[in-house]
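Below is one structure; the comments refer to it alone.
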Amino acid sequence: MHSFHYRENKLFCEDTDLARVAETYGTPLYVYSRRTITDHYRRLDSALKELDHEICYAVKANSNVSLLHLLAEVGAGFDIVSGGELYRVLTAGGSASKCTFAGVGKTREEISYALHNDVLSFNVESEEELFTIDSVAKTLGKTAPIALRVNPDVDAATHKYISTGKSQNKFGIGLDRVELLYEQAAALSHVKIVGVQTHIGSQITESGPFVEALEKLVPLVKRLRDRYQIQFFSIGGGIGIVYRGSLESGNEQWWSDSTTKGGMTIEEYVFAVVPLLKGIGVRVLLEPGRFLVGNAGVLLCQVLYVKQTTAKRFVIVDAGMNDLIRPALYEGYHEVVPVARNPKQPIVTADVVGPVCESGDFFALDREISDCQAGDLVAIMSAGAYGFSMASNYNSRPLPAEVLVDGTEAHLIRRRQNYADLVEFEVEG
Ligand SMILES: *Cc1c(COP(=O)(O)O)cnc(C)c1O
């Protein structure tokens with residue numbers, strides 16, 4: 001359930017009028033709903049109550065320190081992919097002992113930083129990385145807790161850039177080699193085997209691929225449990241969310257939508273995976289990112305111009321692909337809705353585009369939207385995950401501000417960049 005809805009044709013986040021928020025903080029502006037994030041966390045947590053489990057939020061989906069603080073408060077651990085993300089978690093008051101460190105390219109500096117802070121586990125993606133972790137740990141006089149990331153070679157049926165569990169992907173270690181590598185790990189002096197990990201991809205909207213991966217991996221987990229007394233099995237993240245019609249399909253069934261191929265509810269996901277994991281004898285870790293924050297955020301922007309050509313109608317807004325890159329990078333779909341709805345406005349077909357000098361700079365193509373004019377505010381929905389965290393300064397555009405709504409209050413959680421910020425780190429050569 002997300003907390004964006006119309007009240008008398010005005011778009012609200014929780015009990016806050018978004019037009020007012022835009023007036024106070026300007027546009028483009030990311031706005032997040034506190035209630036939505038905590039609600040999603042609690043729903044997933046309680047749906048999994050039959051399992052000994054831990055939810056480790058994937059920080060890369062949205063790494064604002066205030067959101068990390070909120071998630072730490074409700075009890076989340078964290079899945080991190082860089083030293084910078086660990087720094088953010090610690091800054092937010094999160095505990096390194098609840099952090100799993102993923103990624104195919106950890107540097108010695110990052111490994112050392114994570115060892116100093118005693119992370120829960122390094123999720124290891126290659127033989128060379130395993131030996132590097134052992135060597136860094138030895139230098140520091142520490143023992144590194146490790147899990148090997150297994151690539152189960154299953155098709156996650158998602159966009160090719162966010163599929164990670166096929167043998168062609170750079171991630172993880174093949175099932176055919178992983179047990180041998182565990183044996184090698186067991187012989188190393190400065191690592192301790194603590195778990196098994198897998199993550200097959202992102203925005204997965206059916207339970208089939210998860211089931212397929214688990215069916216392949218559960219027997220392995222049981223063997224490793226008996227042999228090395230491993231403590232956890234991390235099944236990764238990847239639970240998909242509804243991007244289409246998230247507003248109409250509303251408020252109750254936001255996660256499932258008949259127009260999405262094979263839309264999956266959280267209950268369906270849990271119903272499919274829990275039976276396979278029950279009685280596994282180790283703690284189950286989940287690493288959801290998008291699921292927790294995706295539908296908890298919108299990107300507010302203002303229409304600058306409407307341009308009618310012989311071919312098309314373009315609605316040019318003040319947010320660009322540098323602020324939200326999902327459409328350009330993954331062909332990601334986002335609803336675009338007016339902040340002030342006017343039922344008398346005609347429905348037109350238009351491209352909603354940004355000001356960046358790239359033809360890939362669009363939010364919607366040939367989309368039926370309520371017609372708008374310069375000065376109108378629009379909301380790009382479902383922008384809470386992989387939105388701000390992937391934003392850049394391309395075209396020397398200052399990064400947008402971020403606001404967290406809590407009931408009737410809107411709190412600034414990151415100020416808008418200014419022009420001086422753009423050149424702050426440049427030095428005379
Ligand atoms: C990106 C990532 C996740 C989170 O993926 P979502 O689709 O956002 O849930 C979890 N685990 C690992 C290892 C990842 O790389």
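Please read these numbers as outputs of a predicted model, since none were measured by experiment. We're numbering straight along the sequence, starting at 1. Note that ligands are numbered from 1 as they come in the structure, with each ligand's atoms numbered from 1 the same way. Keep in mind that the numbers below use all heavy atoms, side chains included, and drop hydrogens, waters and symmetry copies.
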Distance to 0.1 Å, residue and atom name: give those for the protein heavy atom nearest to [atom].
{"atom": "atom 13 (C) of ligand 1", "answer": "E287 OE1, 3.5 Å"}
{"atom": "atom 7 (O) of ligand 1", "answer": "S202 OG, 2.4 Å"}
{"atom": "atom 1 (C) of ligand 1", "answer": "K60 NZ, 1.2 Å"}
{"atom": "atom 8 (O) of ligand 1", "answer": "Y386 OH, 2.6 Å"}

Lys/Arg-Asp/Glu bridge criterion (N-O < 4.0 Å) met for [X], [Y]:
{"X": "R7", "Y": "D17", "result": "no"}
{"X": "E267", "Y": "R43", "result": "no"}
{"X": "K278", "Y": "E50", "result": "yes"}

(message) Check for me whether A385 has a heavy atom closer than 4.0 Å to any atom of ligand 1.
(response)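 Under 4.0 Å: no for A385.
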Closer than 4.0 Å to some heavy atom of [X] - which atoms of ligand 1 meet that?
{"X": "R290", "value": "6 (P), 8 (O), 9 (O)"}
{"X": "R149", "value": "13 (C)"}
{"X": "P288", "value": "9 (O)"}

(message) Closer than 3.5 angstrom, by distance alone: can the side chain of N123 be matched with the main-chain N or O of F101 as a donor-acceptor pair?
(response)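 Looks like no, no N/O pair under 3.5 Å.
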(request) Would you mind telling me if ligand 1 is within reach of the side chain of D79, the backbone, both or neither, using heavy atoms under 4.0 Å? (result)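 The side chain, only.
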(message) Show the nearest heavy-atom pair for residues K192 and Q231, with the distance to one decimal.
(response)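 So the two residues come closest at NZ-NE2, 3.3 Å.
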(request) Give me the one residue out of Y32, Y25, Y30 that meets side chain to side chain donor-acceptor pair (under 3.5 Å) with E402. (result) Y32
(message) For ligand 1, which is the ligand I care about here, please tell me if G289 has any N or O atom under 3.5 Å from one of the ligand's N or O atoms.
(response) yes
(message) Taking distance alone, with N or O pairs closer than 3.5 Å, would you say G238 contacts ligand 1?
(response)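 Yes, there is a polar N/O contact under 3.5 Å.
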(message) I'd like to check Y113 versus L86 (side-chain heavy atoms, cut-off strictly below 4.5 Å). Are they in contact?
(response) yes
(request) Would you check if the distance from the ring center of F171 to the ring center of H199 is below 6.0 Å? (result)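 Ring-ring flag for F171/H199: false, centres at least 6.0 Å apart.
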